[in-house]
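One structure below.
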Amino acid sequence: MKLFGKLFASQSIISWILQLIFIGLAWKVADHTIPNNLTTIIGGTVLMLIIYVSLAHDSQKRISNK
């Protein structure tokens, strides 16, 4: 689990993975692979909030390491 916490370009690996999942979700909506409905919008919102929390945690980790 420490591997996911390691910083790469000032972000943890888990933050990068979450952002790639979000990009994939947006791509699938744009290609009409998955419908653009309320469930997708709520799922994207929850994913965005998780990304925000992960990036905030990374920022706190960088500050505490100084």
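For the single chain, residues carry numbers from 1 onward in sequence order. Every value quoted in this text rests on a predicted model; they were computed, and no experiment measured them.
- Both Leu38 and Phe22 belong to a single network of hydrophobic side chains, linked directly or stepwise wherever heavy atoms of I, L, V, M, F, W or Y lie under 4.5 Å apart.
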Please report the C-alpha distance between Met48 and Leu18 in whole Å, then the side-chain angles of each, then the deciding distance to 0.1 Å, and finally whether the side chain to side chain contact (heavy atoms under 4.5 Å, CB included) criterion is met. CA-CA 9 Å; Met48 184 62 74; Leu18 289 170; over 6 Å; no

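- Scanning both residues, Ser54 and Ile14, for their nearest heavy atoms gives OG-CG2, 3.8 Å.
- For the atom pair Leu47 CG and Leu25 CG, the distance stands at 7.0 Å (nearest 0.5 Å).
- Using a 4.5 Å heavy-atom threshold, the side chains of Ile51 and Ser15 count as separate.
- The only member of Ile41, Ile42, Asn36, Asn37 that meets side chain to side chain contact (heavy atoms under 4.5 Å, CB included) when paired with Thr39 is Asn37.
- Under a hydrophobic-cluster definition in which Ile, Leu, Val, Met, Phe, Trp and Tyr are linked whenever side-chain heavy atoms come within less than 4.5 Å, directly or via other members, Val46 and Trp27 are assigned to different clusters.
- Once rounded to the nearest 0.5 Å, the distance linking CH2 of Trp16 with CG of Leu55 reads 9.5 Å.
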